[in-house]
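In each ligand, atom 1 is the first atom listed, and ligand 1 is the first ligand listed.
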Amino acid sequence: MNAMDEQSEERTRGMAGDKLAGRVALVTGGSRGIGAAICRSLASQGASVAAGYSGNRERAEQFLREFEEDSSSGGRATVHQGNVSRPEDCQRVVQEVLDAHGRLDILVNNAGITIDKMAMKMSVQDWNTVLAVNLSGSFYMAQPALQHMVERGTGRIIFVSSVIGETGNIGQANYAASKAGILGLTKTLAKEAAFILARAGKLTDDGVGITVNTVTPGFVATEMLESVPEKVLDKIRSQIPVGRLCRPEEIARVVHFLAADASAYITGQVWGVNGGMDM
Ligand SMILES: NC(=O)c1ccc[n+]([C@@H]2O[C@H](COP(=O)([O-])OP(=O)(O)OC[C@H]3O[C@@H](n4cnc5c(N)ncnc54)[C@H](OP(=O)(O)O)[C@@H]3O)[C@@H](O)[C@H]2O)c1
C-alpha cells in the first residue's frame, strides 16, 4: 500500500455502518486509487466488494490481502481481471461476480486512463484507446449489469467521470470527450431503467428501484496524477477554490451515499466533487 492509500484507508475506517449490509458491489479499477477507496468505503457500510483490474495483478492481490486484514470491512472481497475495453471481458467479469457472490447490487464504473496530447498531435490510436476504455468500457460493463438488475428490479450504477468532461482541458481532447460521453450515457440509462421498471410494474413508491448517476471528481491525489509535473500541479492547485487536491475517500463517500437504498429518488444526476473548480 502506498502512503496515499494508507491515509485513505485510515480516514474510511472512521465511517463504519450497515447501510449496505448484504449488498454486492463491483468496482472497476477497484484495486488502487479512487476505486480502492470506493471499495473500502462500500465495505465499511457492510457491502461485499468485487474489485476489477486490468494488468497489475500484484496490486490486485495486495488490495485483497489488505482488505482481508482489515477487520472493519463488513463483507468479503474478490478481485477480477478484465480489460473493460473488451465487451467479452466485461460480460465474463459480471458473470464471475454473480458466480462468486450470487448477486450484483451496485456497479461502480471507475476504471479510466489518460493519454494526454494537444489535439493536433493526438494520434487516432491515442483517441481510440482512451474512448475505448473510458466510454465504451463504461457501456460494456453497464449492459450486462443492468440486465441482471432489471430482472431483480433493484440496482445502482454509478459512473466515475471527471470535471474535465464538463470544462474541457488543454491536452485532454480524448479524455474530456470520453468523460463528457459518460454524462449522456448516465441520463439515458437512468431514463431507460425507470421506464423498464415502470413497464414491468416494478416501480413502487417505497422501492429501492434502479438508479444511474455520475460523480465528476476534480483533481484527485492518486497515481494518475504522478506523471503531472509539480509545477503544473501547483498551477492546478491555484485554480481550485478550496486550495488543495481531492482525497480519494472524498469521492468514495459520495459514491456510497448514491449506492444506498435511501438514495432511490436521485437518478440521472451528475455529482461534482471538485473543490469548487467549475463555479
Ligand atoms: N486522479 C484524478 O485526478 C481523477 C480526476 C477525475 C477523474 N478521475 C477518474 O477516476 C477514475 C479512477 O482514477 P484513479 O486516479 O484512481 O486511477 P489509477 O490510480 O490510475 O487507477 C486506475 C484503475 O483502473 C484500472 N484500469 C485501467 N485501465 C483499465 C482497463 N482497460 N480495464 C480495466 N481496468 C483498468 C487499473 O487497473 P491496473 O492496476 O491493473 O492497471 C486501476 O485499478 C478514472 O476513471 C479517472 O478518469 C481521476
Side-chain angles (χ1 to χ4, degrees), residues 1-2 4-5 8 26-41 49-64 79-90 92-94 96 107-116 128-141 158-169 172 174-183 185 214-228 232-233 236-237 240 244-252 254-255 270-275 277-278:
M1 185 182 284
N2 68 21
M4 275 191 265
D5 279 351
S8 168
L26 166 55
V27 181
T28 66
S31 57
R32 58 189 171 95
I34 295 171
I38 291 171
C39 285
R40 287 192 291 272
S41 176
V49 294
Y53 69 101
S54 170
N56 196 335
R57 191 187 177 89
E58 208 176 297
R59 282 299 288 274
E61 283 170 357
Q62 189 185 337
F63 164 84
L64 206 50
V79 290
H80 305 266
Q81 190 283 327
N83 182 344
V84 295
S85 71
R86 298 166 57 126
E88 61 277 19
D89 281 18
C90 296
R92 172 182 52 75
V93 165
V94 168
E96 275 179 24
L107 169 68
V108 184
N109 271 303
N110 163 77
I113 57 166
T114 52
I115 305 176
D116 296 349
N128 284 337
T129 303
V130 171
L131 266 288
V133 173
N134 296 3
L135 181 57
S136 301
S138 296
F139 172 68
Y140 299 149
M141 287 303 304
I158 299 149
F159 294 101
V160 179
S161 171
S162 167
V163 68
I164 302 304
E166 301 169 298
T167 62
N169 197 25
Q172 294 199 297
N174 49 3
Y175 185 75
S178 71
K179 294 299 189 179
I182 287 177
L183 309 186
L185 179 62
T214 285
V215 179
T216 53
F219 289 90
V220 189
T222 70
E223 287 164 53
M224 189 177 257
L225 288 196
E226 275 175 6
S227 59
V228 179
V232 178
L233 279 181
I236 289 171
R237 278 190 204 96
I240 302 171
R244 62 170 174 85
L245 299 179
C246 181
R247 296 187 275 266
E249 66 275 12
E250 291 176 305
I251 306 302
V254 177
V255 172
V270 178
W271 287 69
V273 187
N274 57 39
M277 275 185 74
D278 62 343

Salt-bridge present (E61, R57; N to O < 4.0 Å): yes
Salt bridge R244-E250, side-chain N to carboxylate O under 4.0 Å: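 Result for this pair is yes, salt bridge flagged.
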Closest non-hydrogen atom pair between S178 and V130, with its separation: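 For S178 versus V130, the nearest heavy atoms are OG-CG1, 4.0 Å.
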Under the side-chain hydrogen bond (donor to acceptor under 3.5 Å, both in side chains) test, residues paired with S162 that sit two or more places apart: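 S162: no side-chain hydrogen bond (donor to acceptor under 3.5 Å, both in side chains) contacts found.
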Flag for E166-T216: side-chain donor and acceptor within less than 3.5 Å: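 T216 vs E166: donor-acceptor pair found between side chains.
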S138/N109 under side chain to side chain donor-acceptor pair (under 3.5 Å): CA gap, chis, key distance, verdict: CA-CA 6 Å; S138 296; N109 271 303; 4.7 Å; no
Near ligand 1, at a heavy-atom separation below 4.0 Å: residues by chain and residue number: G29, S31, R32, G33, I34, Y53, S54, G55, N56, G82, N83, V84, N110, A111, G112, I113, V133, V160, S161, S162, Y175, K179, P217, G218, F219, V220, T222, M224, L225
